[in-house]
Each structure stands twice: as C-alpha cells, then as structure tokens.
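Worksheet: the structure to be examined is printed underneath.
Please read all numbers here as calculations on a predicted model, not as lab measurements. Every chain is numbered from 1 and lettered A, B, ... according to where its sequence line falls, protein lines coming before strand lines.
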There are 2 protein chains.
Amino acid sequence: MSIQARRERERAERERAIIAAARELAEAEGWDAVTTRRLAAEIEYSQPVLYSHFKGKGAIMAAVAVEGCADLADELAAARAAATGPRQAVAGIATAYAEFAERRPALYDAIFNLPTDLSFATQETPVELVRAFAELAQTLHPFAGDDNLETFTETFWSGLHGLVTLMRNGRLRREEHERRLAILVDRFTRLG
Amino acid sequence: MSIQARRERERAERERAIIAAARELAEAEGWDAVTTRRLAAEIEYSQPVLYSHFKGKGAIMAAVAVEGCADLADELAAARAAATGPRQAVAGIATAYAEFAERRPALYDAIFNLPTDLSFATQETPVELVRAFAELAQTLHPFAGDDNLETFTETFWSGLHGLVTLMRNGRLRREEHERRLAILVDRFTRLG
DNA sequence: GACCGAACTCTAGCACCGCTAGCCAAACTG
DNA sequence: CAGTTTGGCTAGCGGTGCTAGAGTTCGGTC
C-alpha cells in the first residue's frame, strides 16, 4: 500500500503546484498570461498532465478562487476583530475588503468576476466563502434593522463589490475612493 | 465630389453594419461568440475589412458600448420622468437600471465589465454615458445631504452595479433581488 | 533476474482565435 | 486608352484550449 500512497501523495503535491503556479502567474501578470502551456512549463510537466488533474482551465481558476476565499475570509475576520465598536467594525471590514480587491486583483477576479463553474448561494458554495460572508453578516448585524440579515448583507456586499470593480476598470475617480467607501458605510450603519 | 461622398457614405454604412452585427451577435450568443471571422461573414466582407474601420476587436466592442450607453441613458431618463416623487424616482431608476442589465447582459458587459479602451470619469467619456450618469445624479440630488453629489451618485451606482453583476454571475440568490434593490434604495433615500 | 501488463506522460496535432503582409483587380485620372 | 491609386481579398503567423494515440517507465509475478 505504501507505493500507492506515495503516488497519491506525489499526485496531490503536483496538484498543489498547479494551483500555486496558476495563482502566482495570475497575480504577477494577470489571468491572460495564465495559459495551459505556461502553466505546464512552470510545473515542468507537459500540458495533458493538467487535464488529468482538472477538467480544464476553468477548473484550475476555480481552484485558485476557492483558495483565495480563505485569504479573504482571514483578512475580513482580522479587520472585524480589530474594531473597537460596531460602526468602526463595518468601516474596517469595508476597508479590508477594498484593500484585498486592490492588492490582489487577479485573485479577486477569480473569486467574483470571472465566469467559473463554482456557484454561490447554493448548496455547494466553498466553505471558506461562507466564512467570509459570515464575517460580513456578523459585522452588519447591529444595523440590519427590520431587514433580513442575509439579504441586507448581500446588498452591502454588492455595494463593496461595485465600488472595487468599477474603480479597477477605470470607471470611477480613484481619488474619491475613500469618500465613496465612507458614504456606503454611513448609509448602511444608520439605525431606525 | 459626389463620388467621394458616395464612398464615404458606403463606408459609414458598413461601419454601422459592423457595430450592429457585433451587437446582435453578442446579445444573441454572448461576446465569446463574437469573433472577427463571424463578424466578417455577417457583413459579407473579409476579415481585414474590419481592421480598416477599427483598430481591433476591442475597438469594435467599445463602439458597441458607446451605442449601448445611449439606450441606457434613454431608459433611465424615461424611468425618472415617469416617477411621481423623489423617492419613487430613485426606486424607479434603480429598477430600470437593473432591468437594463438583465435584459441586455452583453451590452451591459461591454459598457461596464469588459476591459475596453474607453475610460470613464475622465475627459473623453462618451457623452451618452455622461447623460446616463446625470440622470442618476439628478434623481439622487434630493438625498445627497452633505455629501458631494457626484461622489454620492458614484456610490449608489456602484451598489446597483454590484447587485446586477453579482447576481448575473450566480453569486446572489435571484429570488431576493427585489428585496436587495429595495434595501439599497431605502438606504440611499434617507434624509438627515 | 527476466518478463509482462498496466499506469502514466509526452509528442503531435486539431480547430479555433486576433491580426497582418502582400497580391490583385477594379476604379479613377489624365 | 494607359497609368496610377485605391481597396478588398487570400493566405498565413503565432497564439489559444484541449485531446488522441504513441511511447516509456515502473511495479508485480514467475
């Protein structure tokens, strides 16, 4: 059994290498630079090997996205934990979210923008993304009022998502970014 | 001079045909289906003709986007005109925006999502988009409070954009769409 | 230790993409 | 009618994601 075990171990390691290579390449040069040929060269195997691990390029990107969810969840959790009060918590988590999107645009794209196979808000949502969403929901809890917390959180989250994506695509004035964030936070932290 | 005039007329007509074909193809089958070869076949010319009109595929998409801006502006203006009060105007324009994005996803993508060469919030923004933005700003004017109207409008617009894009990519529960819209409108139409 | 069979990887290639060089024919000019 | 210019076309380049089938390596068995 040890031989088979070793093989499975090597195989798993190679799979990790593929995901890591895709992630690094995407973060360094954008997703356009992530081709199956470059990926294969990076892991020092031939192209078809990729397809013995993943159904296709989309599946690789989805795997990167799932991994990225963990990072996002961690950063949101840290921001929430560091806050001194409910309103500051919302402001902090919003800033953390925006900074994540700006610091790692390729990762953010993989999670939220690129059309991948992984579906959200359904049964098979990545558990790490659920965690990230829960951080947001926890933070917003005091301000949901009569609205359903999940729906309320989705709306706030959409606001954040819109801000970061529109700005990154050059559709918003960059210098007003913080003010926009402040407005969004302000509007979602009013009681009554 | 009439010969040259006819030529220019024919040339302009062909350019319109290219944009129309690209738009129809994109709306019918998505932007992935819009290839230069299919586009050339559609207008019954060879591929290189496209490049005598546009710098490349991106420029064609940008042209479609600019055209689409006019439609969006029209629909937003109509929604604003039909409203019976300031708050209803915001709700109406938000619904109109969301319906535009849902009814013509390819067009919406060309305008806001796909990385094109046209830049916004700068000098050479398409005039039609400025008009669409102005409709939003006018509608939101009564609710901006102390915030700068343009920045306030950008924030609300980002909320709308986030809602429609996340939902279309399967990141939000579709059945909660109207409730999310209502929450967004509610939060941006509170006075004081 | 030699061999066999299975597991696995690689080479080569498909159909497609955006884009362009260079030819050729048609149209205008004198 | 000859010459030139204009403009569309054919053909092809280098790239993409993906795959069929050949070839090699390696573990298990006699």
Side-chain angles (χ1 to χ4, degrees), chain A residues 1-19 21-23 25-26 28-65 106 109-110 114-118, chain B residues 1-19 21-23 25-26 28-65 106 109-110 114-118:
Chain A
M1 281 300 150
S2 143
I3 285 171
Q4 191 173 351
R6 193 211 63 218
R7 282 194 176 172
E8 282 178 15
R9 203 178 340 115
E10 288 174 349
R11 202 182 148 73
E13 196 159 332
R14 198 171 55 179
E15 190 156 319
R16 269 195 355 97
I18 293 171
I19 297 175
R23 176 179 179 150
L25 205 46
E29 306 183 34
W31 280 108
D32 282 349
V34 182
T35 69
T36 56
R37 282 171 177 79
R38 278 195 76 173
L39 223 43
E42 210 73 40
I43 63 168
E44 298 178 316
Y45 279 91
S46 68
Q47 275 179 288
V49 167
L50 301 174
Y51 294 87
S52 74
H53 287 271
F54 301 94
K55 210 182 73 184
K57 188 187 173 181
I60 298 177
M61 291 167 64
V64 173
D109 271 355
L114 300 174
T116 59
D117 311 337
L118 75 152
Chain B
M1 277 304 151
S2 143
I3 284 171
Q4 193 173 349
R6 192 210 66 215
R7 281 196 176 168
E8 282 177 15
R9 203 177 343 114
E10 288 174 352
R11 200 182 149 73
E13 196 160 332
R14 197 171 56 182
E15 190 156 318
R16 268 194 357 96
I18 294 172
I19 297 174
R23 177 180 178 148
L25 203 47
E29 305 182 35
W31 280 108
D32 283 349
V34 182
T35 70
T36 56
R37 282 170 177 81
R38 278 194 74 174
L39 223 42
E42 209 73 40
I43 62 168
E44 298 180 316
Y45 279 91
S46 67
Q47 272 180 291
V49 167
L50 301 174
Y51 294 88
S52 73
H53 287 271
F54 300 95
K55 214 182 72 185
K57 188 188 174 181
I60 297 176
M61 292 168 64
V64 173
D109 272 354
L114 300 173
T116 59
D117 311 337
L118 75 152

Worksheet item: So, is A/Arg14 near the phosphate of C/dT9, with a side-chain N or O under 4.0 Å from OP1 or OP2?
Response: yes
Worksheet item: What do the steps show when you test A/Arg14 against A/Val49 for side-chain contact (heavy atoms from CB on, under 4.5 Å), and what is the final call?
Response: CA-CA 10 Å; A/Arg14 198 171 55 179; A/Val49 167; 3.6 Å; yes
Discussion item. Strictly by side-chain hydrogen bond (donor to acceptor under 3.5 Å, both in side chains), give each pair with a member in residues 36-45 of chain A just once, sequence neighbours left out.
Written reply: A/Glu29-A/Arg38, A/Thr36-A/Gln47
Practice prompt. Take the protein atom CZ of B/Arg11 and the nucleotide atom P of D/dT6, then report the distance between them rounded to whole Å.
Written response: 13 Å
Item to complete: Please state how far atom NE2 in B/His53 lies from atom P in D/dC9, giving the value in whole angstrom units.
Response: 11 Å
Fill in: Separation of atom CZ in A/Phe54 from atom P in D/dC18, rounded to whole Å
13 Å
Item to complete: Answer yes or no: is there a side-chain heavy-atom contact under 4.5 Å between A/Phe54 and A/Ile19?
Response: yes
Worksheet item: A/Lys57 and A/Trp31: which non-hydrogen atoms are nearest, and at how many Å?
Response: NZ-O, 3.9 Å
Worksheet item: Which heavy-atom pair separates A/Val34 from A/Ala22 by the least distance, and what is that distance?
Response: CG2-O, 3.9 Å
Fill in: Check against side-chain contact (heavy atoms from CB on, under 4.5 Å), B/Leu50 and B/Ile43
CA-CA 10 Å; B/Leu50 301 174; B/Ile43 62 168; 3.9 Å; yes
Practice prompt. List the protein contact pattern of nucleotides 10-19 of chain C with one symbol per nucleotide (5' to 3'): B for base contact, S for sugar-phosphate-only contact, - for none; contact means a heavy-atom distance under 4.0 Å.
Written response: BB-B---BBB
Worksheet entry | Spacing of A/Ile60 atom CD1 relative to D/dG17 atom C1', expressed in whole Å | 10 Å
Discussion item. What is the distance, to the nearest angstrom, from the CG atom on B/Leu50 to the P atom on D/dC9?
Written reply: 10 Å
Item to complete: Using five pairs at either end of the helix from C/dG1-D/dC30 to C/dG30-D/dC1, determine the angle between the two local helix axes and round it to 10 degrees.
Response: 20°
Item to complete: State, with a plain yes or no, whether a side-chain heavy atom of A/Ser52 is found less than 4.5 Å away from one of A/Glu15.
Response: no
Worksheet entry | Min side-chain heavy-atom separation B/Glu10-B/Glu13 under 4.5 Å | no
